[in-house]
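Contents: one structure, followed by commentary.
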There are 2 protein chains.
Amino acid sequence: MRARDINKVELVKQKAIELLVELGFEGFTMNKLAKACGVSVATLYIYYKDKDDLIQNIGLEEVQRMSAIMLEDFDPESSFSEGLRQQWKNRAKCILENPLTAQMIEQLRSSTYQEKIFQTFGEIFKEPLGKFMHNAIEREEIVDMPLESYWSVAFGPLYSLLRFHNEGKSLSGKPFVLTDEVLWSAFDVVLKGLKK
Amino acid sequence: MRARDINKVELVKQKAIELLVELGFEGFTMNKLAKACGVSVATLYIYYKDKDDLIQNIGLEEVQRMSAIMLEDFDPESSFSEGLRQQWKNRAKCILENPLTAQMIEQLRSSTYQEKIFQTFGEIFKEPLGKFMHNAIEREEIVDMPLESYWSVAFGPLYSLLRFHNEGKSLSGKPFVLTDEVLWSAFDVVLKGLKK
DNA sequence: TTCATTAGTGAATGAATATTCATTTATATT
DNA sequence: AATATAAATGAATATTCATTCACTAATGAA
């Protein structure tokens with residue numbers, strides 16, 4: 001039996017992400033992907049059932065990889081302030097170090113693959129994040145409100161900042177660089193609001 | 001000379017938005033749009049130069065329509081607290097009352113049309129929002145930081161909440177409804193942080 | 001009413017695109 | 001080394017899709 005070339009599989013995955021981001025869903029085709037990989041189109045159909053399967057699998061794999069990074073060194077039992085800061089650190093790092101994947105996931109979020117993506121994120125984060133929030137409420141570190149509100153206040157500004165940074169677009173005219181200082185000063189404002 | 005049927009033009013626009021959201025960029029085709037409208041494909045090419053032109057024009061028109069709503073009753077000279085609340089009110093109303101358009105714009109944001117969309121929003125908002133921020137800083141209602149940081153802290157949570165609501169996905173398991181109470185309690189947390 | 005002009009159409013057309021197939025090639029096992 | 005098995009391929013195939021074209025139908029202007 002002949003073994004599947006792992007490097008080739010990885011190459012396909014990497015190029016797929018690159019092309020999806022570069023061309024968007026509109027422009028992404030199996031033939032372009034094959035050409036970009038220097039591989040026969042038929043090979044893609046050995047790895048994946050069809051185009052949909054390819055996008056979905058690569059998408060979900062990346063979601064899982066990113067999620068794992070986001071939960072590194074995060075302890076649901078830690079104090080709210082400490083836990084939130086760890087989350088920020090992880091998420092910022094994750095997105096800044098994986099800009100292509102982050103953009104692809106953004107695209108998937110606002111596409112017909114939305115549901116699957118959301119479900120996967122939900123399954124992974126529900127338990128640790130839920131427990132963390134529950135603890136914080138019990139310790140009276142934050143007031144009780146729907147989990148969605150917390151999520152939005154806690155991470156909304158972060159993702160917004162990261163989006164500006166990734167898209168390289170500046171509201172102020174001046175070039176916008178996402179320094180630690182900028183990141184933390186914005187967060188600081190939110191933190192002040194979250195602390196009891 | 002024969003006049004163009006305005007109702008038909010409007011129908012095409014409306015159905016285009018519906019189909020783009022329902023099928024995503026991957027699934028949206030001129031033939032499907034024509035069929036959904038009960039119109040010949042060729043007719044679409046009377047209204048628009050090509051598929052790209054159709055998407056771009058409809059997208060930008062909607063961006064402008066939404067922007068106008070977002071700036072209703074907004075006075076750059078008002079106090080920071082008042083102005084920000086007005087912006088929240090407008091943006092929430094805008095998105096809750098135009099869910100399809102909002103979703104389409106989200107899709108455009110993370111597609112290859114990104115640049116044009118961003119540029120248009122930028123042109124419309126730069127002046128009023130810039131002046132508003134400038135005033136707030138001068139009056140020492142908020143501390144000085146990049147416009148992007150303000151934007152993110154001020155609107156990040158809102159858009160995040162609205163996204164949960166639109167996507168009907170709940171982190172907590174319990175159904176999530178975006179009541180005024182939820183909206184304002186989340187904002188309140190942010191506002192506490194923004195106020196000096 | 002007549003006419004010129006543009007709206008609107010149904011049926012092509014040709015280019016892409018997703019997918020398959022008949023072979024060839026590499027390699028793990030014997 | 002021989003063999004079996006699956007990987008990999010290049011060239012089809014069948015389908016879908018954007019766009020065009022030859023033609024008909026309205027309608028504003030004269």
Side-chain angles (χ1 to χ4, degrees), chain A residues 1-62 104 107-108 111-114 116, chain B residues 1-62 104 107-108 111-114 116:
Chain A
M1 183 167 91
R2 184 176 171 188
R4 198 173 283 187
D5 185 340
I6 289 292
N7 292 328
K8 202 169 280 181
V9 177
E10 266 310 306
L11 179 71
V12 166
K13 189 169 155 183
Q14 200 49 49
K15 289 283 174 196
I17 296 171
E18 281 176 37
L19 282 186
L20 268 171
V21 169
E22 186 189 330
L23 307 171
F25 277 110
E26 324 90 80
F28 178 85
T29 73
M30 297 297 266
N31 291 293
K32 283 182 193 163
L33 175 57
K35 184 163 283 177
C37 295
V39 148
S40 166
V41 211
T43 304
L44 303 180
Y45 286 87
I46 295 172
Y47 300 161
Y48 302 98
K49 187 173 141 287
D50 53 28
K51 187 187 177 187
D52 202 71
D53 187 55
L54 182 147
I55 294 176
Q56 197 158 92
N57 268 285
I58 293 180
L60 290 184
E61 266 176 53
E62 289 298 285
M104 182 189 65
Q107 277 173 254
L108 289 172
S111 78
T112 50
Y113 297 94
Q114 195 193 91
K116 278 260 162 61
Chain B
M1 185 169 85
R2 183 176 170 186
R4 200 173 283 188
D5 184 340
I6 288 291
N7 292 327
K8 202 168 280 181
V9 176
E10 267 308 308
L11 179 70
V12 166
K13 189 169 155 183
Q14 199 49 50
K15 288 283 175 195
I17 296 172
E18 282 176 36
L19 281 187
L20 268 172
V21 170
E22 187 191 326
L23 307 172
F25 275 109
E26 325 89 81
F28 178 85
T29 73
M30 296 298 267
N31 291 292
K32 283 181 192 165
L33 175 56
K35 183 163 284 180
C37 295
V39 149
S40 166
V41 211
T43 303
L44 303 179
Y45 286 86
I46 295 171
Y47 299 162
Y48 302 99
K49 190 173 138 286
D50 53 28
K51 187 187 176 187
D52 203 72
D53 187 55
L54 182 146
I55 293 177
Q56 198 158 93
N57 267 286
I58 292 181
L60 289 183
E61 265 177 54
E62 288 298 285
M104 182 188 65
Q107 276 173 251
L108 289 172
S111 79
T112 50
Y113 297 94
Q114 193 193 93
K116 278 260 161 63

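Chain naming here is simple, since letters A, B, ... match the order of the sequence lines and numbering starts at 1 in each.
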What is the distance, rounded to the nearest whole Å, between atom CD1 of B:I46 and atom P of D:dA25? 15 Å
Sidechain-backbone polar pair: A:K32 side chain, A:G27 backbone, donor-acceptor under 3.5 Å: yes
With sugar-phosphate meaning primed atoms plus P, OP1 and OP2, does A:T43 contact a base, only sugar-phosphate, or nothing at under 4.0 Å between heavy atoms? base
Base, sugar-phosphate alone, or nothing: which one does B:V39 contact when heavy atoms must sit under 4.0 Å apart? sugar-phosphate
Quick one: B:Y48 OH to D:dT20 P, roughly how many Å, whole number? 17 Å
Examine D:dA8: is either OP1 or OP2 under 4.0 Å from a nitrogen or oxygen in the side chain of A:S40? Give yes or no. no
Residue whose closest nucleotide on DNA chain C lies nearer the 5' end, B:N31 versus B:V9: B:V9
Between atom NZ in A:K8 and atom C1' in D:dA8, what is the gap in whole Å? 6 Å
Presence of B:Y45 side-chain N/O under 4.0 Å of D:dC21 phosphate oxygens OP1/OP2: no
When all nucleic acid strands are considered with a 4.0 Å heavy-atom cut-off, which category describes A:A42: base, sugar-phosphate, or nothing? base
Kindly indicate whether the side chain of B:Y48, heavy atoms from C-beta on, has any atom under 4.5 Å from the side chain of B:Q56. no
If I take atom CD1 in residue B:I6 and atom P in nucleotide D:dT27, what distance separates them, rounded to the nearest angstrom? 14 Å
On a heavy-atom basis, which atom in A:G24 and which in B:T112 lie closest, and how many Å separate them? N-CG2, 4.0 Å
For A:V21 and A:M104 the tightest heavy-atom approach is CG2-N, 3.8 Å
side-chain N/O A:R4 vs D:dA7 OP1/OP2, d < 4.0 Å: yes
So do A:Y47 and A:K13 actually touch side chain to side chain, heavy atoms under 4.5 Å? no
Do B:D53 and B:D50 have side chains that get closer than 4.5 Å, going by heavy atoms? yes
Nearest-nucleotide wise, let me know which of B:D52 and B:A3 is further upstream toward the 5' end of DNA chain D. B:D52
Touch class at under 4.0 angstrom, heavy-atom based, for A:Y47 against every strand present: sugar-phosphate
Minimum heavy-atom separation for A:A16 to A:I58, with atom names? CB-CD1, 3.7 Å
Going 5' to 3' along DNA chain C, which are the first and last nucleotides with any atom under 4.0 Å from a heavy atom of chain A? C:dT17 to C:dA28
The nucleotide from D:dA18, D:dG28, D:dA6 with an atom nearest the side chain of A:R2 is D:dA6
